[in-house]
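Worksheet for the structure shown next.
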Amino acid sequence: MQTMSNKPLNEDIHYLNGQIDALTALVMAVANCTVDKHEFRTSGLLRLQAVETALLHQSVPESRLIAIEHMKQWLENVTN
């Protein structure tokens with residue numbers, strides 16, 4: 001599938017941001033159904049730290065690590 005500019009959707013930043021927004025909403029829905037926000041924060045931060053640690057041993061762009069840091073900040077904000 002392509003956008004109006006004939007660019008594949010996976011290259012359209014707006015499409016990717018929409019997918020991230022949708023996935024975020026679904027994750028929050030699942031979290032609300034299964035655990036309280038404090039458990040969600042604790043578990044989420046542990047998993048994000050594990051991903052970050054694993055990536056530090058690989059050659060990845062800095063923007064990928066920044067994205068994980070931003071997700072940690074988001075998690076702390078939505079579970080406050």
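In what follows, every heavy atom counts, from backbone to side chain, and hydrogens, waters and symmetry copies are set aside.
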> Tell me the salt bridge (charged side-chain N to carboxylate O under 4.0 Å, His left out) pairs involving residues 49-58, sequence neighbours left out?
Replying inline: E52-K72
Would you mind writing out the side-chain donor-acceptor pairs for residues 19-29 within the sub-3.5 Å range, not counting sequence neighbours?
{"from": "Q19", "atom 1": "NE2", "to": "Y15", "atom 2": "OH", "distance (Å)": "3.0"}
{"from": "T24", "atom 1": "OG1", "to": "I20", "atom 2": "O", "distance (Å)": "2.8"}

> Is it true that M71 and L56 fall in one hydrophobic cluster, defined by side-chain heavy atoms closer than 4.5 Å?
Replying inline: yes
>> Any non-hydrogen side-chain atom of L16 less than 4.5 Å from a side-chain atom of L9?
In response: no
>> Suppose clustering is done on Ile, Leu, Val, Met, Phe, Trp and Tyr with side-chain heavy atoms closer than 4.5 Å. Which residues sit in the same group as I13?
In response: none
> Can you list every side chain to side chain donor-acceptor pair (under 3.5 Å) pair that touches residues 53-62, not counting sequence neighbours?
Replying inline: Q49-T53
Between side-chain atoms of residues 73-80 and protein atoms elsewhere (two or more places apart, or another chain), which donor-acceptor pairs fall under 3.5 Å?
{"from": "N77", "atom 1": "ND2", "to": "Q73", "atom 2": "O", "distance (Å)": "3.3"}
{"from": "T79", "atom 1": "OG1", "to": "R41", "atom 2": "NE", "distance (Å)": "2.8"}
{"from": "T79", "atom 1": "OG1", "to": "L75", "atom 2": "O", "distance (Å)": "2.6"}

> With sequence neighbours excluded, what pairs up with R64 under the side-chain contact (heavy atoms from CB on, under 4.5 Å) test?
Replying inline: L55, V60
> What about L46 and V35, same hydrophobic cluster or not, with Ile/Leu/Val/Met/Phe/Trp/Tyr joined at side-chain heavy-atom distances under 4.5 Å?
Replying inline: no
> Mind checking who shares a hydrophobic cluster with V30, ILVMFWY linked at side-chain heavy-atom distances under 4.5 Å?
Replying inline: none
